[in-house]
Amino acid sequence: MLLLGANGYMGPHVVRVLAREHHLRITDIQPPPPDVREAFQEHEFRDVDVTDADQVAAAAEGMEAIVNLAVVRRHPALAFHVNTRGCYHVMQAAVAQGIRRVINTGPHFTVAGPRYERWDHGIGPDVPPHPGTGLYPLTKSLGQEICRSFAEVHDVYVLELLFYSLRDKEQLREGAGGVPFVVSWADAAEAFRLGLAIDLARLPSKCEVFFIFADVPQGKFLNDKAKRILGFAPRDDVSRLWRKPG
């Protein structure tokens with residue numbers, strides 16, 4: 001299993017969950033946290049730059065699936081090269097190696113940007129994408145469309161897992177508040193395990209988008225698709241963020 005961009009904020013959490021069931025090729029342009037390298041010595045670590053097509057192609061050799069966690073949020077040139085061109089390199093490598101499953105990641109506003117977020121409720125992941133004009137959502141949205149285009153033409157399936165606010169379990173304190181699209185790191189990582197486990201024939205199409213967040217009281221966004229198709233069942237109670245203490 002190839003993990004790209006695996007040494008960022010989300011990567012170590014995903015590694016801990018997936019390492020129980022898969023042999024991992026853990027890659028990033030940054031070195032892994034010492035505790036991750038120490039704890040998962042039986043897995044493989046490589047330096048891979050997702051903006052380099054040859055490096056991605058070499059990393060994909062012999063793999064059964066690719067999980068793309070690579071992201072740059074603020075640097076204009078790097079954001080395009082990582083978030084957009086990086087997806088192109090991932091999909092090229094998947095096709096060349098006959099890899100049929102790719103999990104790509106991004107923020108919820110890859111689909112549901114300000115035009116939705118300011119006004120609507122009951123927003124699901126299959127609404128027409130309106131990422132807005134921000135650098136991060138635009139470059140991620142372009143990457144998502146690249147994944148979708150490859151899936152239409154080639155024998156490869158893409159699961160797009162979209163997130164927003166991620167918290168440690170200890171941060172889920174009563175009354176702390178937050179955005180109505182929040183999930184614990186542990187529950188977020190579990191979504192990747194489910195995405196790798198699902199029979200591809202059960203997916204409604206070859207490119208499916210999922211909102212990954214725990215149950216929140218506002219109902220502004222919907223996570224029912226992830227529950228229904230992936231079997232996503234968040235364990236950590238985030239609704240307490242909006243309860244008054246005591």
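Residue indices begin at 1 and follow the sequence shown.
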**Message:** With a 3.5 Å distance limit and no angle check, can you tell me whether Thr84 reaches the backbone of His81 through a side-chain donor-acceptor pair?
**Reply:** no

**Request:** Search all heavy atoms of His89 against all heavy atoms of Thr51 and return the closest pair with its distance.
**Result:** CE1-O, 3.0 Å

**Request:** Would you sort out whether Leu142 and Glu145 count as a side-chain contact (heavy atoms from CB on, under 4.5 Å), showing the intermediate values?
**Result:** CA-CA 5 Å; Leu142 288 170; Glu145 286 306 306; 5.7 Å; no

**Request:** Report yes if some heavy atom in the side chain of Tyr136 is under 4.5 Å from a heavy atom in the side chain of Arg74; otherwise report no.
**Result:** no

**Request:** Quick one: closest heavy-atom pair of Asn83 and Val72, and the distance?
**Result:** ND2-O, 2.7 Å

**Message:** Any side-chain to backbone donor/acceptor pair from Lys140 onto Ala79? Under 3.5 Å, distance only.
**Reply:** no

**Prompt:** Closest approach of Leu241 and Arg167, non-hydrogen atoms and distance?
**Reply:** CD2-NH1, 3.6 Å

**Message:** Any side-chain to backbone donor/acceptor pair from Thr110 onto Gly106? Under 3.5 Å, distance only.
**Reply:** no

**Prompt:** Got a second to check how far Arg37's CZ is from Gln41's CD, nearest 0.5 Å?
**Reply:** 9.5 Å

**Asked** With under 30° as parallel and over 60° as perpendicular, where do the rings of Phe181 and Phe213 fit, or are they tilted in between?
**Response** tilted

**Prompt:** Going by heavy atoms in the side chains, are Val15 and Phe40 under 4.5 Å from each other?
**Reply:** yes

**Message:** Tell me the closest heavy-atom pair linking Ala226 and Ile212, and the distance in Å.
**Reply:** CB-CD1, 3.9 Å

**Request:** Calculate, to the nearest 0.5 Å, the distance between atoms CG and CZ belonging to Leu138 and Phe80 respectively.
**Result:** 11.5 Å

**Message:** For a 4.5 angstrom cut-off between non-hydrogen side-chain atoms, does Leu200 reach Arg100?
**Reply:** yes

**Message:** Hydrophobic clustering (ILVMFWY, side-chain heavy atoms < 4.5 Å, transitive) - are Val209 and Val156 grouped together?
**Reply:** no

**Prompt:** How many angstroms lie between CD in Glu170 and CG in Asp236, if you round to the nearest 0.5 Å?
**Reply:** 9.0 Å

**Prompt:** Are Pro125 and Phe210 close enough that some pair of their side-chain heavy atoms sits under 4.5 Å apart?
**Reply:** no

**Prompt:** Would you call Arg243-Asp237 a salt bridge at under 4.0 Å N-O?
**Reply:** yes

**Item:** Validation row: Ile66, Ile103 side chains within 4.5 angstrom (heavy atoms)
**Value:** no

**Gln55 side chain vs Asp52 backbone, donor-acceptor pair below 3.5 Å** = no

**Message:** The test is side-chain contact (heavy atoms from CB on, under 4.5 Å); show your working for Glu64 and Ile99 and say whether it passes.
**Reply:** CA-CA 6 Å; Glu64 295 182 354; Ile99 297 169; over 6 Å; no

**Asked** Can you tell me if Thr105 uses its side chain to pair, donor with acceptor, with the backbone of Asn68 under 3.5 Å?
**Response** yes

**Minimum heavy-atom distance between Pro131 and Pro114, given as atom pair plus value** = O-CD, 4.1 Å

**Item:** Phe232 vs Leu194, side-chain contact (heavy atoms from CB on, under 4.5 Å): CA-CA, chis, key distance, verdict
**Value:** CA-CA 7 Å; Phe232 181 59; Leu194 296 169; 4.2 Å; yes

**Asked** Roughly how far, to the nearest 0.5 Å, is the OG atom of Ser184 from the CD atom of Gln171?
**Response** 10.5 Å

**Message:** Within this structure, what is the CE-CG distance for the pair Met1 and Leu196, rounded to the nearest 0.5 Å?
**Reply:** 4.5 Å

**Item:** Heavy-atom side-chain proximity of Asp35 to Glu38 below 4.5 angstrom
**Value:** no

**Heavy-atom side-chain contact between Tyr164 and Phe221 under 4.5 Å** = no

**Message:** Tell me if a side-chain donor or acceptor on Lys206 pairs with a main-chain N or O of Ala151 at a distance below 3.5 Å.
**Reply:** yes

**Asked** Do side-chain atoms of Arg101 reach the backbone of Gly195 as a donor and acceptor pair under 3.5 angstrom?
**Response** yes

**Prompt:** Which residues pass the side chain to side chain donor-acceptor pair (under 3.5 Å) test with Ser205, sequence neighbours left out?
**Reply:** Glu208

**Asked** Between the main-chain N or O of Glu174 and the side-chain N or O of Lys244, is there a donor-acceptor pair closer than 3.5 Å?
**Response** no

**Prompt:** Hey, are Asp215 and Lys227 close enough for a salt bridge, meaning a charged N less than 4.0 Å from a carboxylate O?
**Reply:** yes

**Item:** Test log, rule side chain to side chain donor-acceptor pair (under 3.5 Å), inputs Glu160 and Asn104
**Value:** CA-CA 5 Å; Glu160 296 274 351; Asn104 194 46; 3.1 Å; yes

**Message:** Suppose we screen for side chain to side chain contact (heavy atoms under 4.5 Å, CB included). Which residues come up paired with Tyr88, at least two apart in sequence or across chains?
**Reply:** Gln92, Ile146, Phe150

**Asked** Out of His108, His130, His121, which one pairs with Tyr116 under the ring-ring contact (aromatic ring centres under 6.0 Å, His included) rule?
**Response** His130

**Residue Gln218 excluded, over 12 heavy atoms near CD under 6.0 Å** = yes

**Request:** Check whether any side-chain N or O of Arg85 sits under 3.5 Å from a backbone N or O of Val50 as a donor-acceptor pair, and report yes or no.
**Result:** no

**Item:** Whether over 12 other heavy atoms sit under 6.0 Å from Arg228 CZ
**Value:** yes

**Request:** Decide, yes or no, whether a salt bridge links Asp187 with Lys169 under the criterion of side-chain N to carboxylate O below 4.0 Å.
**Result:** no

**Message:** Ignoring hydrogens, what is the shortest heavy-atom contact between Gln97 and Ala60? Give both atom names and the distance.
**Reply:** CG-O, 3.7 Å

**Whether Lys225 side chain and Asp126 backbone form a donor-acceptor pair below 3.5 Å** = no

**Message:** Which label fits Trp185 and His13: parallel for a plane angle under 30°, tilted from 30 to 60°, or perpendicular past 60°?
**Reply:** parallel

**Prompt:** When you check the gap from the basic side-chain N to the acidic O, do Glu21 and Arg193 get nearer than 4.0 Å?
**Reply:** yes

**Item:** Heavy-atom check, side chain of Val182 versus side chain of Leu166, under 4.5 Å
**Value:** no

Side-chain donor-acceptor pairs of residues 23-33 under 3.5 Å, sequence neighbours excluded:
unit_1 : atom_1 : unit_2 : atom_2 : d
Arg25  : NE     : Glu44  : OE1    : 3.0
Arg25  : NE     : Glu44  : OE2    : 3.4
Arg25  : NH1    : Ala59  : O      : 2.7
Arg25  : NH1    : Glu61  : O      : 3.0
Arg25  : NH2    : Glu44  : OE1    : 3.4
Thr27  : OG1    : Leu3   : O      : 2.7
Asp28  : OD1    : Gln30  : N      : 3.0
Asp28  : OD2    : Ala6   : N      : 3.3
Asp28  : OD2    : Asn7   : N      : 2.8

**Asked** Can you list the steps and then say if Val216 with Trp242 is a side-chain contact (heavy atoms from CB on, under 4.5 Å)?
**Response** CA-CA 9 Å; Val216 296; Trp242 293 276; 3.8 Å; yes

